[in-house]
> 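Got a structure for you, written out below as structure tokens; questions coming shortly.
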Amino acid sequence: MSTPAYSPLHGLPPLAGLATFAEAQRPGLSVAECVRRLKRYHYAFKRLHGIFIARLTAEPIYELKMAFSLHAHYCAEHVAALRQRVGEMREPPLGLDVVPDESLAVFFDEILATPTTEELLAGIYERAVPALIAALERHRRETNPLADQPSVRLVRFALLELREMAECGTQAVAAVSGENVQRPTSNVQRSTEWLALLDDCLAAAGGLDGTEPTRNQKPETAPVRRYSATPFVYDKVPRRDSRFPDPYNM
């Protein structure tokens, strides 16, 4: 029976409701391309998890501590799910410890090393999370919904929680920035230039998934580091905001 002539009985959803026959027959991502992108998502979630955990202790604002804790948990679960999916498609060694693009390394290193909470929130929730959402949405559009259904399912769950993270982060950025309306012009300029550096990192990497056209010829070297030019040092002293007693600073 030819596919065009096939009609589901009683109008039941074809292919378990995953896709129409036309959608299932369109070309999608190759296995190699799918794995390449999954590895970059894995790297992004892993780095975000590390940033949340590394900045959690020294962050004094209790509401941000809660957000960082929850979002780190989300990222850890997606790291594990992506590792399992890559393992289903490739034999070990999986190469998940390899940095996929040096420009992405600079991108996440800069967010980790930023000295202010305001810039940290902007880097995570205005740059990293939106870039990851864009990459996952592109994966869902471009892959075959039937052949790559396990990846599509991972992407769908990841997008659900990333959008939740983005909404929370947008409110946090607005709230923290609102406390500093009278910031010196030099600080505003510094933040603007730093966010532009993050944009340059993403552009040099071709987006988080490496598929976006670069602004110009892709440079041979990664963008110049700013805050991460000095290695990040973990601050292990717990901080609390003024609402709570701080036994470490009494």
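A quick note: this is a predicted structure, and the numbers were derived from the prediction, not measured. These numbers come from the heavy atoms of this one structure, side chains and all, not from hydrogens, waters or symmetry mates.
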> Does a salt bridge link Arg83 with Glu88, judged by any charged N lying under 4.0 Å from a carboxylate O?
no

> Identify whether the distance between the nearest side-chain nitrogen and carboxylate oxygen of Arg85 and Asp148 falls below 4.0 Å.
yes

> Measure the shortest side-chain to side-chain distance between His71 and Leu48 over non-hydrogen atoms and say whether it is less than 4.5 angstrom.
no

> Supply the atom-to-atom distance Arg55 CZ to Leu121 CG, rounded to the nearest 0.5 angstrom.
9.0 Å

> Evaluate the side-chain proximity of Ser151 to Thr143: yes if any heavy-atom separation is below 4.5 Å, no if none is.
no

> Any side-chain heavy atom of Thr170 sitting closer than 4.5 Å to one from Tyr125?
no

> Can you pull out every side-chain hydrogen bond (donor to acceptor under 3.5 Å, both in side chains) where at least one residue sits in residues 89-98? Sequence neighbours excluded, please.
none

> Quick one: do Asp109 and Arg47 make a salt bridge, cutoff under 4.0 Å?
yes

> So, are Arg225 and Glu102 salt-bridged, with charged N and O less than 4.0 Å apart?
yes

> Could you tell me whether the side chain of Lys65 and the main chain of Arg239 form a donor-acceptor pair under 3.5 Å?
yes

> Classify the angle between the aromatic ring planes of Tyr41 and His139 as parallel (below 30°), tilted (30 to 60°) or perpendicular (above 60°).
perpendicular

> Would you give me the side-chain donor-acceptor pairs under 3.5 Å for residues 157-167, sequence neighbours excluded?
unit_1	atom_1	unit_2	atom_2	d
Glu161	OE1	His78	NE2	2.8
Arg163	NH2	Glu137	OE2	2.5
Glu164	OE2	Tyr74	OH	2.7

> Any sub-3.5 Å donor-acceptor pair from Glu110's side-chain atoms to Arg226's backbone N or O?
yes

> Any sub-3.5 Å donor-acceptor pair from Arg40's side-chain atoms to Leu208's backbone N or O?
yes

> For a ring pair (Phe, Tyr, Trp, His ring centres under 6.0 Å) check, start with the C-alpha distance between Phe68 and His73, then their side-chain angles and the critical distance, and finish with the verdict.
CA-CA 9 Å; Phe68 289 179; His73 176 72; over 10 Å; no

> For residues 9-17, run the donor-acceptor check on the side chains, cut-off 3.5 Å, and write out each pair with its distance to 0.1 Å, sequence neighbours left out.
none

